[in-house]
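Here is the naming used below: chain letters follow the sequence lines, and residue numbers restart at 1 for every chain. The structure displayed is predicted, hence computed values, not measured ones.
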There are 2 protein chains.
Amino acid sequence: MSLPHAILTALLEKPSSGLELTRRFDRSIGYFWSATHQQIYRELGKLEEAGQIRALRSAEPARGGKKEYEVLPAGRAELAEWVGRSEEPKPIRDALLLRLRAAAVAGPDAVAGIEKELGRHLALHEAQLAEYLDMERRQFGPDQDSEADRLRYLVLRGGIELERFWTGWLTEALATLRTR
Amino acid sequence: MSLPHAILTALLEKPSSGLELTRRFDRSIGYFWSATHQQIYRELGKLEEAGQIRALRSAEPARGGKKEYEVLPAGRAELAEWVGRSEEPKPIRDALLLRLRAAAVAGPDAVAGIEKELGRHLALHEAQLAEYLDMERRQFGPDQDSEADRLRYLVLRGGIELERFWTGWLTEALATLRTR
DNA sequence: GGGCGTTGTGCAACTTGTTGCATAAGCGGG
DNA sequence: CCCGCTTATGCAACAAGTTGCACAACGCCC
């Protein structure tokens with residue numbers, strides 16, 4: 001159950017409205033924890049109910065007016081507690097690897113179709129890698145002073161290396177399939 | 001919605017009962033598509049209902065007796081169709097990366113606790129990598145004749161490289177944290 | 001033969017994530 | 001002024017995944 005903590009983190013970085021959060025989940029935070037606007041609104045409601053966040057300028061009309069949230073001390077405490085918790089790494093669930101394994105039993109005609117899919121994914125991961133490398137260049141110069149900066153850089157490094165894994169493996173897979 | 005297709009794949013590789021499937025999902029298949037016995041039983045019921053699989057020796061008493069399933073032609077067709085489908089790669093959801101990012105805003109005391117967690121994960125991923133390398137050594141000799149063997153080997157290669165990513169990144173992360 | 005652990009199947013309730021749609025304010029153009 | 005577009009919040013229904021437990025058969029062993 002990490003979504004509430006993802007939201008608390010995002011709100012601590014910068015107080016935001018629901019839609020702003022949604023946008024940020026499509027960019028930085030969402031690169032390792034995605035969420036739709038529905039999940040976010042629902043969770044914001046629960047967090048407010050639980051007294052962990054609070055709406056600013058609450059007098060706005062209920063519908064159509066933007067509502068900004070900030071984290072309360074209880075929310076910060078909950079987040080700190082969660083960060084210290086231990087959790088088993090969940091096994092991956094990857095449909096592409098599953099497809100490949102299914103292709104092995106589904107017959108040779110299935111293999112032909114999957115090659116295109118592998119190529120498509122390769123292009124997507126290459127684009128994502130390029131974007132991360134761009135972020136690395138722009139946001140993280142040679143001088144990382146603060147602890148927080150170094151942690152954020154580590155997270156980005158994770159994204160970069162993960163995309164390198166994908167591009168590398170997909171390239172290998174395509175090469176193998178083509179020499180059949 | 002990949003679980004039914006994971007089950008069809010497993011059943012094509014070898015007809016099994018619900019519990020046998022569960023065990024196999026804890027080993028090979030589950031390395032990239034995990035599932036609990038609950039999900040599997042529920043899904044087996046649906047697949048049988050849909051006429052894609054069939055129980056062997058169905059006269060067994062309803063409770064406590066094992067029920068083996070095999071794939072029917074309709075199931076094989078459905079799987080082949082699914083293999084050819086296109087699907088967007090879903091953004092990762094990784095709690096550890098999220099924790100690290102949360103630690104950056106939750107304060108320095110949170111950082112101390114996370115170091116232990118990173119070390120624990122590193123050990124787990126190293127063990128998984130060793131297991132994959134062992135499988136590689138035992139199951140895949142230098143001679144891979146059949147197309148199906150090569151595809152299965154590619155899937156294993158994916159697992160290996162993914163674990164290499166994790167061990168590499170976790171090592172880097174721990175080194176960075178320790179030189180603060 | 002009665003208790004005990006293992007194997008095996010399954011229901012029910014819950015949480016989490018997704019999809020489709022409704023509502024409303026604000027803004028700009030014809 | 002009203003039509004359509006964007007911004008913004010939200011309900012409802014559904015699908016997928018998780019957790020806790022119940023129940024039955026089998027072997028075993030004392």
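We find that OH of B/Y41 is positioned 14 Å from C1' of D/dA22, with the value rounded to whole Å. Between the NZ atom of A/K67 and the P atom of C/dT23 there is a distance of 19 Å, rounded to whole Å. In this structure, CD1 of A/I40 is placed 15 Å from P of D/dC11, rounded to the nearest angstrom. Distance B/E68 CD to C/dT7 P: 16 Å, rounded to the nearest Å. At whole-Å resolution of the value, NE2 in B/H37 and P in C/dC11 are 12 Å apart. Regarding B/E48, its CD atom lies at a distance of 13 Å from the C1' atom of C/dT9, rounded to whole Å. Rounding to whole angstrom units, CZ of residue A/R42 and P of D/dC11 are separated by 10 Å.
You'll find that the side chain of B/Q38 is closest to D/dG20, out of C/dT18, D/dG10, D/dG20. Side chain of A/Q39, nearest nucleotide from C/dG17, C/dA12, D/dT9: C/dG17.
Scanning for side-chain contact (heavy atoms from CB on, under 4.5 Å) contacts around A/E161 gives A/R157, A/R164, B/F165, with sequence neighbours left out. Shown here are the salt bridge (Lys or Arg N to Asp or Glu O under 4.0 Å) partners of B/R93, two or more places apart in sequence or in another chain: there are none. Under the side-chain hydrogen bond (donor to acceptor under 3.5 Å, both in side chains) criterion, B/E163 pairs with B/H125, sequence neighbours left out. Qualifying side-chain contact (heavy atoms from CB on, under 4.5 Å) partners for A/A6, counting only residues two or more places apart in sequence or in other chains: A/F25, A/W33, B/L98. With sequence neighbours excluded, no residue forms a side-chain contact (heavy atoms from CB on, under 4.5 Å) with A/E49. In this structure, A/E136 has no salt bridge (Lys or Arg N to Asp or Glu O under 4.0 Å) partners at least two apart in sequence or on a different chain. B/Q38 meets the side-chain hydrogen bond (donor to acceptor under 3.5 Å, both in side chains) test with no other residue; sequence neighbours excluded.
Remark: A/R76 CZ is loosely packed, at most 12 non-hydrogen atoms of other residues, nucleotides or ligands lying under 6.0 Å away.
A heavy atom closer than 4.0 Å to some atom of DNA chain C occurs in B/S17, B/G18, B/L19, B/R23, these being the qualifying members of residues 7-30 of chain B. Applying a 4.0 Å cut-off to non-hydrogen atoms, the residues of residues 75-94 of chain A that approach DNA chain D are A/R93, listed by residue number.
Side-chain atoms of A/S17 and A/E68 form no donor-acceptor pair, as typed in the model, at a separation below 3.5 Å.
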